[in-house]
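First up is the structure itself, then whatever we jot down about it.
Computed from a predicted model, the values in this text were never measured in an experiment.
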Amino acid sequence: MDSYYLPWSTLFNVRHTNHICIVVGINDSQNSIRILDLIDKFEPVDMDMSILYKACTFYLEVICSNKKRIMDTKQIDKMIINKEIPLIDVDMIKNMNQFAVAFKKYFNPKIEFIDASNFELLLEEKLIDEFRRVMLCINMFQVWIEWREYKEKEERYKGIIQKLTVLLNKWNVFINIIYKHAMSGWKRPLNEVGYEWLKSFTDIINQISSEVMNILAYNLENKDFKIKYNYEDALKCSNSQLYTSKPLTIDKYYNNKGFKPEKDQCQDCDLTGCGEYFILNENFGTKSADKTTHCRLKGIDFKMRFDKIYDNILCKGQTLNITNLEELNNIKMNLKKTLGIAFLCCAEWGECKDLVTIVFDNGYEEDILIDVNDISNTESNTSVVGGKTVNGITGKIVQEKAALTVIKIFFDHGDISKIVLPNSANMHILSITLLRY
């Protein structure tokens with residue numbers, strides 16, 4: 001289907017592109033069809049048949065016979081286990097690894113793209129279109145997993161769904177990274193960065209494949225098997241809970257400069273990699289004698305440093321060891337065991353959905369899916385408007401109102417020893433606070 005004719009598409013009446021949709025119903029009396037678009041719109045849409053004539057240049061028809069073929073879930077699972085039905089094609093993973101290596105060695109935007117300097121034209125490039133096709137396959141696989149979770153009431157599917165959500169988000173971020181490099185005139189090579197991202201995709205796919213096969217084996221043989229993480233409900237956030245908050249000192253982990261208090265001078269601020277940075281409102285927090293800025297947002301105390309070379313953590317898979325921090329030792333005194341944690345963070349060039357791994361003193365590890373809003377999203381119940389963003393190159397305001405995200409997570413597994421951050425090129429953390437009931 002051509003997105004130019006699809007009213008729900010962001011490219012409606014803007015640009016002609018190839019797009020895959022599924023026609024799931026036809027109403028001859030009303031001359032209409034029902035369409036399912038798994039990328040741009042997740043609910044079925046009824047539209048006039050005339051739009052189909054305009055938008056559709058190619059179709060594949062599948063006719064289902066009236067003869068019923070009964071195949072139960074266990075039979076399908078057995079065929080998957082026996083590799084009669086390929087769950088995730090081994091050759092596909094091999095090809096993705098080879099593509100990652102080839103990208104590292106040979107990628108050249110001047111050769112790959114029709115016009116590497118034309119940011120708008122990138123939307124129609126074959127490489128980007130192929131990436132979108134991969135995302136479509138991932139999305140459809142996730143629909144299948146979610147259906148099985150619903151039918152089987154199997155809690156262990158939650159972790160797989162989280163990983164698929166992260167994988168889709170990472171593909172989006174990777175496409176945005178390509179756009180960023182195009183906007184900057186390809187000043188920095190993309191080869192090494194692209195290789196690392198593409199390899200991380202295959203790593204996640206391998207994990208998903210292994211975990212699904214484990215669950216299917218358990219369903220067939222009804223015997224225990226080991227899963228690394230326990231994916232029980234970990235996000236137990238409640239504004240009604242009473243807790244004490246103690247901000248951690250994390251400025252030694254800062255590796256990016258992207259924020260400027262309104263009246264302060266700032267050099268080399270670049271939150272996004274394209275020159276855009278965040279100007280904080282004048283009333284954003286109070287500065288103490290030790291030059292730290294303190295603020296209370298969504299009922300939680302945070303502290304930051306804006307006077308150093310860096311003022312936030314750009315997430316690159318770092319491990320934050322908090323066991324020996326003075327703040328952690330102080331907060332343990334006269335407080336109960338249930339421990340929570342809060343992040344003051346933001347995402348740029350789209351929201352970020354990724355996994356944060358929490359490591360507890362007893363060795364237990366938990367992967368938590370977090371959803372960090374884009375700085376332009378001021379309406380979310382986790383968003384706090386903190387200022388505006390400016391393009392440091394042109395001096396023009398990009399976002400009149402820009403927001404930070406407050407994320408609260410509560411646990412019941414003991415004290416935290418480490419936090420493993422995701423490898424997300426668009427996620428930034430300003431402050432981390434420990435919470436105790």
Side-chain angles (χ1 to χ4, degrees), residues 145 149 153-167 200 203-204 206-215 217-218 223-238 241-250 253 300 313 315-343 345 352-372 406-424 427 429 431-437:
I145 293 292
E149 180 196 31
K153 303 295 186 290
E154 174 55 74
E155 292 291 316
R156 287 168 295 195
Y157 282 125
K158 286 185 178 180
I160 297 166
I161 294 169
Q162 286 183 351
K163 283 187 173 67
L164 287 166
T165 301
V166 168
L167 186 58
S200 73
D203 291 342
I204 295 174
N206 274 319
Q207 292 174 27
I208 290 169
S209 178
S210 176
E211 291 180 19
V212 172
M213 295 294 273
N214 281 341
I215 293 175
Y218 176 80
K223 64 181 182 181
D224 293 336
F225 61 95
K226 187 176 180 181
I227 297 181
K228 183 179 179 182
Y229 300 116
N230 180 355
Y231 292 104
E232 295 177 356
D233 293 336
L235 286 167
K236 300 175 182 176
C237 300
S238 173
Q241 301 283 6
L242 297 176
Y243 48 78
T244 300
S245 58
K246 181 68 176 180
L248 296 175
T249 301
I250 63 168
Y253 294 106
I300 298 174
I313 301 173
C315 294
K316 295 182 177 181
Q318 302 97 318
T319 296
L320 312 187
N321 192 331
I322 64 173
T323 302
N324 299 321
L325 289 180
E326 180 183 356
E327 288 84 351
L328 184 60
N329 293 328
N330 289 339
I331 200 171
K332 285 183 179 179
M333 298 174 62
N334 302 319
L335 292 169
K336 296 180 181 179
K337 278 291 181 183
T338 306
L339 178 65
I341 195 164
F343 297 91
C345 47
C352 177
K353 293 182 180 181
D354 215 325
L355 297 175
V356 172
T357 301
I358 308 296
V359 183
F360 297 88
D361 284 350
N362 59 10
Y364 179 84
E365 296 183 7
E366 184 130 27
D367 278 353
I368 306 298
L369 178 65
I370 61 172
D371 190 348
V372 183
V406 176
I407 293 176
K408 294 181 282 186
I409 305 169
F410 292 91
F411 309 99
D412 193 18
H413 302 301
D415 291 323
I416 296 174
S417 62
K418 296 177 183 178
I419 303 170
V420 184
L421 301 178
N423 187 5
S424 293
M427 177 178 167
I429 296 175
S431 181
I432 300 175
T433 293
L434 290 175
L435 307 174
R436 281 299 192 106
Y437 295 121

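Of the inter-residue distances, the one linking Ile145 atom CD1 with Ile160 atom CD1 reads 5.0 Å to the nearest 0.5 angstrom. Note: Leu248 CG to Ser431 OG = 7.5 Å, rounded to the nearest 0.5 Å. Once rounded to the nearest 0.5 Å, the distance linking CG of Leu320 with OG of Ser417 reads 11.5 Å. Note that CD of Gln162 and CD1 of Ile208 are 11.0 Å apart. Values are rounded to the nearest 0.5 Å. How far CG of Leu434 is from OG of Ser245: 9.5 Å, rounded to the nearest 0.5 Å. Between atom CZ of residue Arg156 and atom CD of residue Glu149 there is a gap of 12.0 Å, rounded to the nearest 0.5 Å.
Applying the side chain to side chain contact (heavy atoms under 4.5 Å, CB included) test between Leu355 and each of Asp367, Leu421, Ile204, Ile368 identifies Asp367 as the sole match.
Using modelled atom types, no side-chain atom of Thr357 and backbone atom of Val420 make a donor-acceptor pair closer than 3.5 Å. Using a distance-only test at 3.5 Å, with no hydrogens or angles considered, no donor-acceptor pair links the side chain of Ser210 to the main chain of Asn206. Between the side chain of Gln318 and the backbone N or O of Lys316 there is at least one donor-acceptor pair closer than 3.5 Å.
Between Phe411 and Ile341, some side-chain heavy-atom pair lies under the 4.5 Å cut-off. At a threshold of 4.5 Å between non-hydrogen side-chain atoms, the residues Val356 and Pro422 count as touching. Side-chain atoms of Leu369 and Val166, non-hydrogen and from C-beta on, do get closer than 4.5 Å to each other. By the 4.5 Å heavy-atom criterion applied to side chains, Thr319 and Ile419 are not counted as neighbours. Proximity of Ile300 to Lys408: side-chain heavy atoms (C-beta onward) are separated by under 4.5 Å at one or more points. Considering only heavy atoms from C-beta on, Phe343 stays 4.5 Å or farther from Val406 through its side chain. No side-chain heavy atom of Lys353 sits under 4.5 Å from any side-chain heavy atom of Ile370. By the 4.5 Å heavy-atom criterion applied to side chains, Thr165 and Asp354 are not counted as neighbours.
For Ser209, the side-chain contact (heavy atoms from CB on, under 4.5 Å) test picks out Ile88, Met213, with sequence neighbours left out. In this view, Ser200 satisfies the side-chain contact (heavy atoms from CB on, under 4.5 Å) rule with no residue, not counting sequence neighbours.
Contact check on Lys163 versus Glu211 returns a salt bridge, with a Lys/Arg side-chain nitrogen under 4.0 Å from an Asp/Glu carboxylate oxygen.
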